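Working notes, structure below.
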Amino acid sequence: MTMQPVRPEFAPDPALDRAEMESLQREIAETATFADDLSVDPLDPHTLVAGVDQGFSDGTATSAIVVTRGGNVVERVHARVDTEIPYIPGLLSFREGGAILAALDELSTDPDVFMFDGSGRIHFREAGLATHIGVMLDAPALGVAKNLLCGQPRESLDEPLPEGTRVPIEADGEVTAPDGTVIGHAVQSRQYDSGNRYINPLYVSPGHRLSAETAADIAEHCCDGYKLPEPTRLADAHAADVSRK
DNA sequence: GCGACAG
DNA sequence: ATCTTGTCGC
């Protein structure tokens, strides 16, 4: 019971109607900071990075959190909660937030950075899952998604990108930020050197207290031979393990 | 009305 | 996200 929300009034209540959820997201976006505000160097090997991911089975949502330091696991927790609402693009945090908060309540470690599965600022109202939970905790947070929710890549992503490539994602008409604002990046964390198949990039965006650049730096820094950063991979595996029966 | 949409 | 075995390629 160490990790408690600093802003419980922003809790993602699944009972709210759509307009109320969107209204809350606008308020959260106003509270969020998309600039670096950390007490530690996020790339330092001593930094505690928490990967957060969810799994669903039957009528329950399972959230798993794996805290890493360097390449080692420091703590692993999980929590199960009844699924309240279906997945609705743009309102993901209201479906998964409850399980995440329950898992955070089980955490005894105090992470320096939280890495969520999904988007942060790459969101219609700049209030994706990573922003919502990050603001509630008032902790540095970023979102790592496998697909792009909205925004416009500065350069075409139709052709395979070389490993290490980073393409800015800019706000367009469907995002509340001024057109052209860099709300995140497509990050090619892994790519095959040869062959027919190719790997898609990650879509990394700041959730809270991080700049788009630093969020991409952290995601890239946490990768170790796989497309997904280690904290996310480990949380993925743990969620899958304990999620099913 | 059309299009488009994290997990 | 989830339902699911084999299979293509390095």
Side-chain angles (χ1 to χ4, degrees), chain A residues 12 14 18 21-22 25 28-29 32 51-65 78 80-101 103 114-134 141-153 157 160 163 169-177 183-187 190-208 212 215-216 219 225-229 232-233 235-245:
Chain A
R18 189 175 187 123
M21 290 180 177
E22 296 184 352
Q25 292 184 325
I28 287 167
V52 185
D53 187 42
Q54 287 64 247
F56 296 82
S57 186
D58 300 311
T60 68
T62 300
S63 179
I65 302 177
H78 76 271
R80 310 189 59 158
V81 158
D82 290 326
T83 301
E84 307 274 15
I85 59 175
Y87 163 69
I88 300 171
L91 300 177
L92 183 65
S93 62
F94 291 89
R95 170 173 166 78
E96 310 194 340
I100 294 174
L101 294 176
F114 287 88
M115 182 178 287
F116 295 93
D117 64 305
S119 295
R121 195 182 189 183
I122 294 181
H123 180 274
F124 310 118
R125 293 167 290 283
E126 301 175 85
L129 176 66
T131 302
H132 197 143
I133 308 300
L142 68 145
V144 176
K146 302 179 208 62
N147 291 288
L148 187 60
L149 174 62
C150 59
Q152 187 64 50
L157 300 178
E163 189 167 305
I169 301 300
E170 305 179 327
D172 57 9
E174 58 181 357
V175 178
T176 52
I183 55 178
H185 293 86
V187 176
R190 173 104 203 270
Q191 190 54 281
Y192 298 131
D193 342 291
S194 63
N196 319 308
R197 295 180 301 174
Y198 63 92
I199 300 173
N200 290 134
L202 295 174
Y203 296 94
V204 184
S205 59
H208 184 44
Y226 294 89
K227 166 178 173 172
L228 294 175
T232 297
R233 284 189 64 235
D236 242 317
H238 192 226
D241 271 2
V242 74
S243 180
R244 55 185 187 185
K245 182 76 178 200

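Computed from a predicted structure; not experimentally measured. Chain A is the first sequence line, chain B the second, and so forth, proteins listed ahead of strands; every chain is numbered from 1.
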Test item: A:Lys146 and A:Tyr203 side chains (from C-beta on) under 4.5 Å apart, heavy atoms: no
Test side-chain contact (heavy atoms from CB on, under 4.5 Å) applied to A:Ile100 and A:Asp53, A:Ile133, A:Val81, the passing residue: A:Ile133
Measure the distance from [atom1] on [X] to [atom2] on [N] and round it to the nearest whole Å.
{"X": "A:Asp117", "N": "B:dG7", "atom1": "CG", "atom2": "P", "answer": "7 Å"}
{"X": "A:Ile133", "N": "B:dA6", "atom1": "CD1", "atom2": "C1'", "answer": "14 Å"}
{"X": "A:Asp193", "N": "C:dC10", "atom1": "CG", "atom2": "P", "answer": "11 Å"}
{"X": "A:Tyr203", "N": "B:dC5", "atom1": "OH", "atom2": "C1'", "answer": "13 Å"}
{"X": "A:Ile122", "N": "B:dG7", "atom1": "CD1", "atom2": "C1'", "answer": "15 Å"}
{"X": "A:Ile199", "N": "C:dC10", "atom1": "CD1", "atom2": "P", "answer": "13 Å"}
{"X": "A:Tyr192", "N": "C:dG9", "atom1": "OH", "atom2": "C1'", "answer": "9 Å"}
{"X": "A:Asn196", "N": "C:dT7", "atom1": "CG", "atom2": "P", "answer": "19 Å"}

Of the listed nucleotides B:dA6, C:dT2, B:dC5, the one nearest the side chain of A:Phe124: B:dC5
Nucleotide nearest A:Ser243 (side chain, heavy atoms from C-beta), chosen from B:dG7, B:dA6, C:dT2: C:dT2
Charged tip of A:Arg95 within 45° of A:Phe56 ring normal and under 6.0 Å: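 Pair A:Arg95/A:Phe56 counts as cation-pi.
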Ring centroids of A:Phe56 and C:dA1 base under 5.5 Å with planes under 30°: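 Answer is no, no stack.
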Residue pair A:Arg121 / A:Ser205, side-chain donor-acceptor N/O under 3.5 Å: no
Side-chain donor-acceptor pair present, A:Glu96, A:Gln54, cut-off under 3.5 Å: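 Yes, a side-chain donor-acceptor pair sits under 3.5 Å.
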Phosphate OP1/OP2 of B:dA6 contacted by A:Tyr87 side-chain N/O (<4.0 Å):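 So the side-chain polar atoms of A:Tyr87 do come within 4.0 Å of the phosphate oxygens OP1 or OP2 of B:dA6, strictly under.
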Phosphate contact (B:dC5 OP1 or OP2) by A:Asn147 side-chain N/O below 4.0 Å: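 Answer is no, no contact under 4.0 Å.
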Sugar-phosphate only, base, or nothing, as touched by A:Leu91 at under 4.0 Å among non-hydrogen atoms: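 Base contact.
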Sugar-phosphate, base or nothing in reach of A:Gly143, heavy atoms under 4.0 Å: nothing
Closest-nucleotide ordering on DNA chain C, the 5'-leading residue of A:Asp236 and A:Arg197: A:Asp236
